[in-house]
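Working notes, beginning with the structure itself.
Proteins get letters first, then strands, A, B, ... in listed order; numbering begins at 1 in each. Values below: all heavy atoms of this structure, side chains included; hydrogens, waters and symmetry mates excluded.
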Amino acid sequence: MNRLLPNNGKFCCPRWNKICVILTNTMCNTQHSLMLKRSPVCDGFKIQIVRLCYPPISYHVESRSRTIHQTLLVTVHSKKFRWEEEKKNDRTKWNFLEHKGPVFAPDYEPLPQDVKFYYNGKEMKLKPETEEVATFYARMLDHDYTTKKIFNTNFFTDWRDVMTESERSKIMELSKCNFKEMHAYFLQKSEERKAMSKEEKKKIKEQNEEIQKEYGFCTIDGHKEKIGNFKIEPPGLFRGRGEHPKMGKLKKRVIPEDVLINCSKDSVIPKPPPGHKWREVRHDPNVTWLASWTENVQGQVKYVMLNPSSKLKGEKDWQKYEIARKLAKSIDKIRAEYREDWKSKEMRIRQRAVALYFIDKLALRAGNEKDEDQADTVGCCSLRVEHISLHEHKDGKDFVVVFDFLGKDSIRYYNEVPVEKRVFKNVQLFMENKSPGDDLFDRLNTTVMNKHLNELMEGLTAKVFRTYNASWTLQQQLEKLTNADDTVAEKILAYNRANRAVAILCNHQRAVPKTHAKSMENLKAKIVAKKEAISEAEMQVKDAKRDAKHGSVKEKVVYEKKKKMLDRLREQLARLEVQATDREENKEIALGTSKLNYLDPRISVAWCKKYDVPIEKIYNKTQRDKFRWAIDMAGPEYIF
DNA sequence: TTAACCACTTAGCATATAAACT
DNA sequence: AGTTTATATGCTAAGTGGTTAA
């Protein structure tokens, strides 16, 4: 027992139901000899060795002794896991945190002499700071942004701010500025980058890996873990989404004097770049960020945080899905309750109940209030009268509410929803005597809603409904669409369809890919070619059949062969056609967001196991890293 | 009681890389 | 082998929801 040395004597849990132990090679160093050991115990728990991780999967623990260590994954046989006991009522996120600080954007490299800027047709040399900001604009010359008035005005105002007195006195109008040479220069640069030889590309890749190795990891409670965004955002022009009033404003260069560092007191404090100082070094174990700075455009704090594969993030993700599962258990009660509230005498309660119905039925976002200086978008609680219209009858359906508004990221939400009569009448009532710009739910906001939800169930907030609905839908669809005797390819198609149903529910859209039309054309051409091949093959089969009828054995074999060929062609055609419809249906739907943020991975993993689909077909490497907690633990019992 | 602040999750787009095709 | 197309990854904006300060 005491010969197992978990993390130099200390207990450590890299994944919350797995325990990492270190075994010295003085005991054994092969899996075989491990298997010969009696069932080991670790800190009072009976443990079983699941598999040898050699090299370790995603972390390693350093040791001061000279003995070689192996890292093992083990499962605890006790029902109560150690980490649960440790976590109770504890706000601390870590006990030890050490890292190298963030990586700053490279310094500005002035343009070559022959790349010129012209104002009003005349060449003009800009001082480096002015030139740098000009290049930000020049890079975007063929982007839609530069056709927008707000973008141009904001850019020009901020640009003039960085100019010297004399530059400012000359450059008075953006329309007289000619950035074309700069633009062409950057295009050429990117072409050059693309045309680089293999060796050059490899060299650059290696350099990046060096940086990643040095700055991309931290040590948190004995484990080396990946950092999500260790590079500080470079300066540029702010690209807000939708009609953002601040689009085009200059996002300034961040320097160490802007940056807060968060780490352990007893860790090696990261060194600021030569000649600089950090704004502050603090040691706050109640937060998970490693560094932060305040961005100048919106005044928001930006953070350097851990990668989703980290224990800290994984645990949080797991908790999220656990709450969604809890909601699944009490959803009937909650639904009954809000239906009852539709009849309430209090307007406040009715509004709350109708809004909750929308959140539940349509998976709408909560809808916090927003400031004036942001794009005008809404969620459920912030819906305005102008965003919905009521139809007693529409397209053969009764009591239809039509939603038409811009949601997060200014993505349009349009949905014609038949609702229950009582809901319809309530909405009618909420709209009475209001102007289009008035709030639909004037007695409601997200705080009120979430307070109520928390009373219904501990940990319940509006966003949990989205998670619950998404995961629940995935499971329903998977059950409906999967056949056990389908091929793996067909099963994956079923999975993607289920995924798509969720993406539609959550309104996860994307711009139609630029190459969509062309790739569609190519696919159609392939289908036509395949059809021609089929008719050709049909003819041949016919001939062969005739020959085979009275022919020799050899001719019969030929006939069989031709028949098989035809079948194969038909299969290929079917596959192409499926691919075509799939691509067409998918062109403006983004599957990634729901897969990454809304679908309980344990459902997917259980489905893979049940239908014998390799996990790699569903999740790529990044996703497998993120969902490792689920891949390790999931079994059929994790169906929702 | 409200607004500001803070920390963290969720989001789509751009670009890099890998895979498929010719 | 080079080119095109698909997928993965990086980036950072924009949400949610809790806490704190006025």
Side-chain angles (χ1 to χ4, degrees), chain A residues 91 93 105 139-140 143-145 190 193-196 198 201 204-205 208 212 216 228-234 236 238-242 244 246-247 251 260 262 284 286-289 292 294-295 297-308 312-313 316-317 319-320 365-371 374-375 377-382 406-411 445-447 449-451 453-454 459-464 466-467 470 503 506-511 513-516 518-520 522-523 526 579 583 586 588-598 619-623 625:
Chain A
R91 284 158 54 104
K93 307 291 198 304
R139 281 170 198 276
M140 296 180 71
H143 198 287
D144 238 19
Y145 274 118
S190 92
R193 229 185 353 263
K194 267 184 228 157
M196 273 188 311
K198 271 217 178 99
K201 279 185 184 167
I204 290 176
K205 200 177 168 190
N208 286 336
Q212 160 107 19
N229 55 326
F230 57 91
K231 285 182 183 160
I232 285 193
E233 297 170 17
F238 177 75
R239 297 153 92 114
R241 316 256 168 88
H244 201 295
K246 293 196 171 176
M247 65 168 83
K251 203 168 90 169
L260 273 161
N262 192 35
D284 183 356
N286 297 320
V287 296
T288 65
W289 52 268
S292 73
T294 303
E295 155 269 353
V297 176
Q298 312 223 69
Q300 287 170 347
V301 184
K302 300 266 185 166
Y303 301 94
V304 171
M305 286 194 190
L306 293 172
N307 186 276
L312 220 58
K313 294 281 188 189
K316 202 76 191 297
D317 211 32
Q319 280 173 7
K320 175 180 79 184
R365 294 189 185 84
N368 283 316
E369 283 107 300
K370 293 179 75 181
D371 289 340
Q374 287 169 296
T377 63
V378 297
C380 186
C381 294
S382 50
L406 297 182
K408 181 174 178 180
D409 293 307
S410 294
I411 296 291
N445 60 38
T446 53
T447 311
M449 176 63 86
N450 283 332
K451 221 168 181 181
L453 292 176
N454 199 255
L460 187 62
T461 62
K463 85 198 261 284
V464 179
R466 247 166 106 77
T467 313
C506 294
N507 199 40
H508 290 141
Q509 299 186 27
R510 62 170 181 176
K514 282 191 191 91
T515 53
H516 175 77
K518 209 171 97 192
S519 75
M520 219 50 207
N522 291 346
L523 202 54
K526 272 190 198 167
Q579 202 186 344
R583 195 181 295 174
N586 242 357
E588 44 198 1
I589 299 168
L591 299 185
T593 305
S594 48
K595 201 184 207 177
L596 231 51
N597 300 306
Y598 288 101
Y619 291 139
N620 66 31
K621 199 172 126 295
T622 318
Q623 292 162 350
D625 281 348

Distance, rounded to the nearest Å, where A/K302 contributes NZ and B/dC6 contributes P: 15 Å
Sugar-phosphate only, base, or nothing, as touched by A/G240 at under 4.0 Å among non-hydrogen atoms: sugar-phosphate
Touch class at under 4.0 angstrom, heavy-atom based, for A/P234 against every strand present: sugar-phosphate
OP1 or OP2 of C/dT12 under 4.0 Å from side-chain N/O of A/Y303: no
Nucleotide of B/dA16, C/dA14, B/dA11 approaching A/H508 most closely (side-chain heavy atoms): B/dA11
Sugar-phosphate, base or nothing in reach of A/E295, heavy atoms under 4.0 Å: nothing
Residues, nucleotides or ligands: over 12 heavy atoms within 6.0 Å of A/K451 NZ: no
Among C/dT12, B/dA7, C/dG17, the one nearest A/K251 by side-chain distance: C/dT12
Touch class at under 4.0 angstrom, heavy-atom based, for A/K463 against every strand present: sugar-phosphate
Sugar-phosphate only, base, or nothing, as touched by A/G592 at under 4.0 Å among non-hydrogen atoms: nothing
Nearest-nucleotide pick for A/V301, side chain only, options being B/dA11, B/dC6, C/dG17: B/dC6
Nucleotide C/dA14, atom C1' - distance to CD1 of A/I411 in whole Å: 11 Å
For atom CG of A/N445 and atom P of C/dG18, their distance in whole Å: 12 Å
Sugar-phosphate only, base, or nothing, as touched by A/D409 at under 4.0 Å among non-hydrogen atoms: sugar-phosphate
Passing candidate, salt bridge (charged side-chain N to carboxylate O under 4.0 Å, His left out) with A/D409, options A/R510, A/R365, A/R239, A/R241: A/R241
Separation of C/dT4 C1' from A/H516 NE2 (nearest whole Å): 17 Å
Residue A/V287, side-chain atoms from C-beta onward, closest of C/dA8, B/dA7, B/dA18: B/dA7
Proximal nucleotide (of C/dA14, B/dC8, C/dA6) relative to the A/K93 side chain: B/dC8
Side chain of A/N229 (C-beta onward), nearest among B/dC8, C/dT12, B/dA11: C/dT12
Most 5' of A/R365 and A/S292 on DNA chain B, judged by nearest nucleotide: A/S292
Sugar-phosphate only, base, or nothing, as touched by A/A511 at under 4.0 Å among non-hydrogen atoms: sugar-phosphate
Among C/dA13, C/dT16, B/dA18, the one nearest A/K205 by side-chain distance: B/dA18
5' priority, DNA chain C, between A/V464 and A/K621 [closest heavy atom]: A/K621
Selected nucleotide, minimal atom distance to A/K313 side chain, candidates C/dT12, C/dG17, B/dT9: B/dT9
Sugar-phosphate, base or nothing in reach of A/R139, heavy atoms under 4.0 Å: nothing
